[in-house]
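When a ligand or atom number is given, it counts from 1 through the structure's own listing order.
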Amino acid sequence: MAAPTAAAADGRHAVRGAPIEVDYVGKVYPMRRGRSVEAVTDVALKIAAGEFIALIGPSGCGKSTLLRMMASLEAPTTGAVRVGAADPRELAAKHRLGVAFQDNALLPWLSVYTNLALPYRVARRPVDKQRIAELIELVGLKGFEDARPKQLSGGMRQRVSIARSIVLEPEVLLLDEPFGALDAVTRRRLNAELQRIWMADPVTTVLVTHDVDEALLLADRIVVLSPRPGRIAKIRTVPFARPRTTEVTRSPEFHAMVDELTADLDMLSGDRGTDG
Ligand SMILES: Nc1ncnc2c1ncn2[C@@H]1O[C@H](COP(=O)(O)OP(=O)(O)O)[C@@H](O)[C@H]1O
Ligand SMILES: [Mg+2]
């Protein structure tokens with residue numbers, strides 16, 4: 001593995017996944033009466049195969065818009081997004097993208113098992129019961145196969161969401177604030193779990209988060225966006241080897257980076273008043 005990422009440094013397994021190229025992308029949403037909202041502008045970013053990127057920035061700066069363009073749920077107004085060599089629409093059509101967004105809820109009338117079998121049905125593929133069983137084990141939900149989502153805690157539901165996003169072994173994983181609604185303790189636990197899951201299969205991942213600790217725990221690089229229209233304000237490489245244990249997260253070096261990025265976010269958010 002001669003990948004130029006941090007992969008070699010921290011003994012990651014073979015890198016799987018597609019690179020992503022965001023090529024001077026802009027997005028303008030048309031509004032009523034001829035008005036429009038410019039969500040992002042001039043965003044250029046190359047993400048290597050198997051790289052983990054965290055996207056942070058003030059609320060409303062276009063993070064979700066960028067992610068939705070990578071997922072081909074939204075088309076860029078200017079520029080282009082390519083996943084692998086292809087337009088993301090091709091990968092989406094082949095179900096090679098895994099997405100977990102805070103609002104793409106599980107189907108409440110289906111069991112955990114059936115929710116995890118759903119991506120196979122959508123992709124018209126035979127359900128791999130073995131894979132589903134392994135994933136249920138991996139995310140710590142053994143014994144809850146037949147439970148309905150409302151019988152689970154918020155943290156357990158998010159684990160099912162994460163499991164569902166990787167069930168088809170996607171080449172790209174897109175996560176939009178997947179832990180946003182959870183309490184701090186549950187969040188930290190799921191962060192550690194996501195790190196473990198990703199290290200076992202380090203697929204190209206883009207995680208939108210407003211949590212600087214989460215970004216530093218998980219990412220190879222952190223991309224900081226400016227207020228709307230979002231553009232790249234800063235890119236920070238995270239130097240810590242994995243697994244990033246509590247020893248790492250309690251180190252002065254880690255805290256220095258938390259402070260730096262928090263100050264960046266405060267500064268960027270402050271520019272736009274108090275509505276963030
Ligand atoms: N479908 C849409 N139609 C119109 N405006 C939108 C739409 N989606 C997002 N926006 C606007 O684009 C800007 C960026 O939104 P979003 O990407 O959701 O930001 P973030 O995820 O960083 O909070 C916001 O001003 C938002 O109101
Ligand atoms: Mg968002």
Side-chain angles (χ1 to χ4, degrees), residues 20-45 47 52-81 83 88-89 92 97-106 154 157-158 161-162 164-165 172-182 184 187 190-191 194 205-216 218-219 221-236 261-276:
I20 302 175
E21 188 175 359
V22 180
D23 195 3
Y24 293 93
V25 158
K27 177 71 185 181
V28 178
Y29 291 107
M31 304 287 277
R32 277 182 297 174
R33 286 187 232 136
R35 291 193 302 176
S36 61
V37 174
E38 188 177 24
V40 296
T41 187
D42 253 352
V43 175
L45 179 67
I47 303 171
F52 196 126
I53 293 286
L55 204 53
I56 65 175
S59 78
C61 74
K63 302 180 294 295
S64 296
T65 296
L66 263 179
L67 212 67
R68 287 203 303 269
M69 288 191 284
M70 293 178 193
S72 90
L73 297 169
E74 203 82 71
T77 309
T78 53
V81 177
V83 182
R89 276 172 294 186
L97 295 165
V99 297
F101 294 170
Q102 203 184 318
D103 52 2
N104 75 345
L106 303 167
R157 280 198 294 270
Q158 274 324 100
S161 275
I162 298 280
R164 186 180 57 181
S165 70
V172 167
L173 186 57
L174 303 172
L175 307 171
D176 194 351
E177 307 210 23
F179 310 126
L182 302 176
R187 184 177 193 131
L190 289 198
N191 286 164
L194 179 58
T205 301
V206 184
L207 168 76
V208 170
T209 180
H210 58 258
D211 186 321
V212 168
D213 287 83
E214 180 171 295
L216 280 164
L218 291 164
R221 285 190 295 160
I222 298 177
V223 176
V224 185
L225 292 183
S226 73
R228 189 176 67 78
R231 46 177 103 227
I232 294 178
K234 183 180 211 174
I235 299 181
R236 211 60 171 83
L261 288 162
T262 304
D264 288 340
L265 278 184
D266 285 350
M267 195 262 289
L268 291 167
S269 304
D271 285 346
R272 52 196 292 282
T274 54
D275 64 347

As an exercise, identify every atom of ligand 1 less than 4.0 angstrom from a heavy atom of [X].
{"X": "Met31", "result": "4 (C)"}
{"X": "Ser64", "result": "17 (O), 18 (O), 20 (P), 21 (O)"}
{"X": "Arg68", "result": "8 (N)"}
{"X": "Arg228", "result": "13 (C), 24 (C), 25 (O)"}

For atom 16 (P) of ligand 1, the protein heavy atom that lies nearest, with its residue and separation: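 Residue, atom and distance for the closest contact: Thr65 OG1, 3.7 Å.
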
Which residue and heavy atom of the protein sit nearest atom 6 (C) of ligand 1, plus the separation: Tyr29 CD1, 3.3 Å

Metal environment of the Mg ion (ligand 2), protein N/O/S under 2.8 Å: Ser64 OG

Ligand 1 to Gly62 polar contact by distance, N or O atoms, under 3.5 Å: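 Min N/O separation from ligand 1 is below 3.5 Å for Gly62.
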
Backbone or side-chain N or O of Gly60 under 3.5 Å from ligand 1 N or O: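 Between Gly60 and ligand 1 (N or O atoms, distance only) the closest approach is under 3.5 Å.
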
If you define the side chain from C-beta out and look only at heavy atoms, does anything of [X] sit under 4.5 Å from [Y]?
{"X": "Leu216", "Y": "Asp213", "result": "no"}
{"X": "Leu67", "Y": "Ser64", "result": "no"}
{"X": "Leu66", "Y": "Leu225", "result": "yes"}

Close approach of Glu74 to ligand 1, heavy atoms, under 4.0 angstrom: no

What pair of heavy atoms forms the shortest contact from [X] to [Y], and how long is it?
{"X": "Ser161", "Y": "Leu106", "answer": "OG-CD2, 4.0 Å"}
{"X": "Lys27", "Y": "Thr77", "answer": "CA-OG1, 3.4 Å"}
{"X": "Phe101", "Y": "Leu174", "answer": "CE2-O, 3.8 Å"}
{"X": "Phe52", "Y": "Leu218", "answer": "CG-O, 3.4 Å"}

Atom 26 (C) of ligand 1 protein-contacted, heavy-atom criterion under 4.0 angstrom: no

Protein heavy atom under 4.0 Å of atom 23 (O) of ligand 1: yes

Heavy atoms from other residues, nucleotides or ligands near OH of Tyr29 exceed 12 (cutoff 6.0 Å): yes

Steps toward side-chain contact (heavy atoms from CB on, under 4.5 Å) verdict (Asp264, Leu261): CA-CA 5 Å; Asp264 288 340; Leu261 288 162; 4.0 Å; yes

Sole residue of Leu97, Val99, Val81, Thr65 in side-chain contact (heavy atoms from CB on, under 4.5 Å) with Met70: Val81

Working for salt bridge (charged side-chain N to carboxylate O under 4.0 Å, His left out), residues Glu214 and Arg187: CA-CA 9 Å; Glu214 180 171 295; Arg187 184 177 193 131; 2.8 Å; yes

